[in-house]
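To start, the structure itself, in structure tokens.
Every chain is numbered from 1 and lettered A, B, ... according to where its sequence line falls, protein lines coming before strand lines.
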Protein chains: 2
Amino acid sequence: MTTDEAVAGTTTPPPPAGLRERKKQRTRSALVRSALELFTRQGYERTTVDEIAEAVEVSQRTFFRYFANKEEVAFASQEAAECHFFAALCGRPAGEAPLAALRGAILGAWGSIGEAIEQLVSPELHMRMYRVIESTPSLLAVHLRRTAEMEERLAREIARREGLDIDADPRPRLVVAMFGGVIRVAGKLWTEGEEDSVVTLRDLTAFHLDYVGPTLAEKWDK
Amino acid sequence: MTTDEAVAGTTTPPPPAGLRERKKQRTRSALVRSALELFTRQGYERTTVDEIAEAVEVSQRTFFRYFANKEEVAFASQEAAECHFFAALCGRPAGEAPLAALRGAILGAWGSIGEAIEQLVSPELHMRMYRVIESTPSLLAVHLRRTAEMEERLAREIARREGLDIDADPRPRLVVAMFGGVIRVAGKLWTEGEEDSVVTLRDLTAFHLDYVGPTLAEKWDK
DNA sequence: AGGCTAATGTCAGCGTCTGACAATTGACAA
DNA sequence: TTGTCAATTGTCAGACGCTGACATTAGCCT
């Protein structure tokens with residue numbers, strides 16, 4: 001491991017990697033793009049893994065070497081967006097109260113969502129896929145589990161910021177649970193609505209976040 | 001439909017039904033019991049549908065006539081408990097504030113959880129299965145989706161109680177989302193803990209509910 | 001008793017996913 | 001450049017979840 005990686009963690013590694021590595025990345029990207037394209041066009045259940053693999057001209061077995069299962073490829077762009085959001089939270093000023101930091105992070109992340117994923121898929125495809133996820137029972141289930149995992153990470157980060165022991169103080173998990181609930185409500189309403197743009201989702205999120213009021217929102221006394 | 005059913009909704013139908021019906025109920029119960037027994041003993045993934053069917057001496061095809069998929073049988077006792085809880089909410093006094101009603105319903109339901117399910121499986125098995133669900137990724141995902149569906153029903157009931165239009169006022173969904181988040185945190189801590197009893201879970205839930213404070217907790221002005 | 005219908009069993013087949021082994025291809029040094 | 005090594009991929013077989021179609025069994029009702 002180089003010094004760079006050791007310090008910066010998951011920074012973008014030097015692009016001119018070996019031919020092998022680049023080929024792998026291209027195959028992976030192609031699989032994601034073809035999969036999301038097929039999922040959004042004809043539905044998740046009506047798309048077989050064979051179809052996806054065939055579209056990229058690899059074997060089915062190769063698909064399962066890149067993705068543990070059919071669901072995983074459906075969340076590829078979500079994964080990128082979530083990493084983006086989490087990084088945004090970690091970048092918030094230390095003095096900010098927990099809920100304010102979460103609010104700032106999500107609104108900022110929604111604002112610059114394009115940058116984080118456009119090298120993988122277009123923002124339009126990403127958003128269409130989000131709708132497919134919300135309206136496909138099996139995908140919705142996985143989505144909620146992934147969300148729960150993210151909330152656990154968020155709670156730990158909040159606890160770290162506040163200098164609290166996450167196993168002794170329930171407040172980090174509670175404020176994150178509240179926050180997550182609000183995000184879900186906003187996202188669901190957006191899915192059911194007409195407007196497609198990311199901005200609409202951003203505004204809707206901000207509006208709903210204002211409803212939770214002062215609970216656990218101010219600075220915590222230790 | 002008789003007058004009885006029309007008034008009482010899902011009341012216990014007259015037990016002396018036809019032989020056919022009783023046989024079906026026995027088969028279903030046997031499938032649930034065998035399934036939960038196997039799931040809790042050797043794990044969900046390591047149990048095949050064939051095993052379950054074989055234990056009850058029916059064909060695999062028959063299993064899938066009783067349950068749409070392998071997951072469904074895993075949630076049979078949860079289903080009963082959830083119905084019990086929802087009924088408890090509907091029975092709360094009309095004057096109670098939303099969060100207070102939810103709180104009263106869940107604590108009451110946890111208290112009398114046994115009655116609702118002990119005719120299907122033992123409370124111990126029910127609780128052991130809950131732990132399996134929380135610790136099995138695929139089941140956890142489904143559990144969270146089911147929870148989300150229940151929260152939608154709860155939000156509608158809250159809106160009804162308060163005389164609000166659920167599509168116009170976000171508060172019913174928000175208070176339920178908050179509530180659901182708290183329940184999840186409590187349930188998760190209980191799963192990770194040592195204590196097995198239902199009482200522990202009940203107390204843990206009550207304790208965490210007290211943390212959400214006054215937000216959306218008081219009576220709402222229209 | 002005998003016909004009707006619901007419940008069950010059997011069979012074939014699709015789709016997801018995995019292990020094993022062989023074939024291919026990039027990486028790297030002699 | 002070429003040969004060796006290791007990583008990537010393809011092929012094959014098979015387990016498991018799940019479904020439609022059809023035959024068989026068994027409760028119900030006159």
Are any of the side-chain nitrogens in Glu152(B) or Arg156(B) under 4.0 Å away from the carboxylate oxygens of its partner? yes
Could you state the atom-to-atom distance from CZ of Phe64(A) to P of dT16(C) in whole Å? 6 Å
Between Arg173(B) and Glu151(B), is there a salt bridge with N-O shorter than 4.0 Å? no
Using modelled atom types only, decide if a donor and an acceptor are shared between the side chain of His208(B) and the backbone of Leu204(B) within a distance under 3.5 Å. yes
Without swapping roles, check the side chain of Arg145(A) against the backbone of Val142(B) for a donor-acceptor pair under 3.5 Å. no
Euclidean distance, atom CD1 of residue Ile52(A) to atom C1' of dG15(C) [Å, nearest integer]: 12 Å
Span of DNA chain D engaged by chain B, first through last nucleotide within the 4.0 Å heavy-atom cut-off, is dC16(D) to dC28(D)
Glu71(B) atom CD is separated from dT16(C) atom C1', nearest whole Å, by 13 Å
Could you tabulate the donor-acceptor pairs under 3.5 Å formed by side-chain atoms of residues 55-66 of chain B, not counting sequence neighbours?
{"unit_1": "Ser59(B)", "atom_1": "OG", "unit_2": "Thr62(B)", "atom_2": "N", "d": "3.2"}
{"unit_1": "Ser59(B)", "atom_1": "OG", "unit_2": "Thr62(B)", "atom_2": "OG1", "d": "3.2"}

Where each residue is assigned the nucleotide of DNA chain D containing its nearest heavy atom, which of Lys70(B) and Glu21(A) is assigned the position nearer the 5′ end? Glu21(A)
Would you mind classifying the nucleic acid contact of Thr47(B) as base, sugar-phosphate or nothing, using non-hydrogen atoms under 4.0 angstrom? sugar-phosphate
Whichever of Phe67(B) and Arg20(A) has its nearest DNA chain D nucleotide further upstream toward 5': Arg20(A)
Salt bridge Arg160(B)-Glu157(B), side-chain N to carboxylate O under 4.0 Å: yes
What's the spacing between Arg184(B) CZ and Phe179(B) CZ if we round to 0.5 Å? 13.5 Å
Check: protein-nucleotides 8-11 of chain C nitrogen or oxygen pairs below 3.5 Å:
{"unit_1": "dT8(C)", "atom_1": "OP1", "unit_2": "Tyr66(B)", "atom_2": "OH", "d": "3.0"}
{"unit_1": "dT8(C)", "atom_1": "OP2", "unit_2": "Tyr66(B)", "atom_2": "OH", "d": "3.2"}
{"unit_1": "dG9(C)", "atom_1": "OP2", "unit_2": "Ser59(B)", "atom_2": "N", "d": "2.9"}
{"unit_1": "dG9(C)", "atom_1": "OP2", "unit_2": "Ser59(B)", "atom_2": "OG", "d": "2.9"}
{"unit_1": "dG9(C)", "atom_1": "OP2", "unit_2": "Thr62(B)", "atom_2": "OG1", "d": "2.2"}
{"unit_1": "dG9(C)", "atom_1": "N7", "unit_2": "Arg65(B)", "atom_2": "NH1", "d": "3.3"}
{"unit_1": "dG9(C)", "atom_1": "O6", "unit_2": "Arg65(B)", "atom_2": "NH2", "d": "2.7"}

Under a 4.5 Å cut-off applied to non-hydrogen side-chain atoms, are His143(B) and Thr147(B) in contact? yes
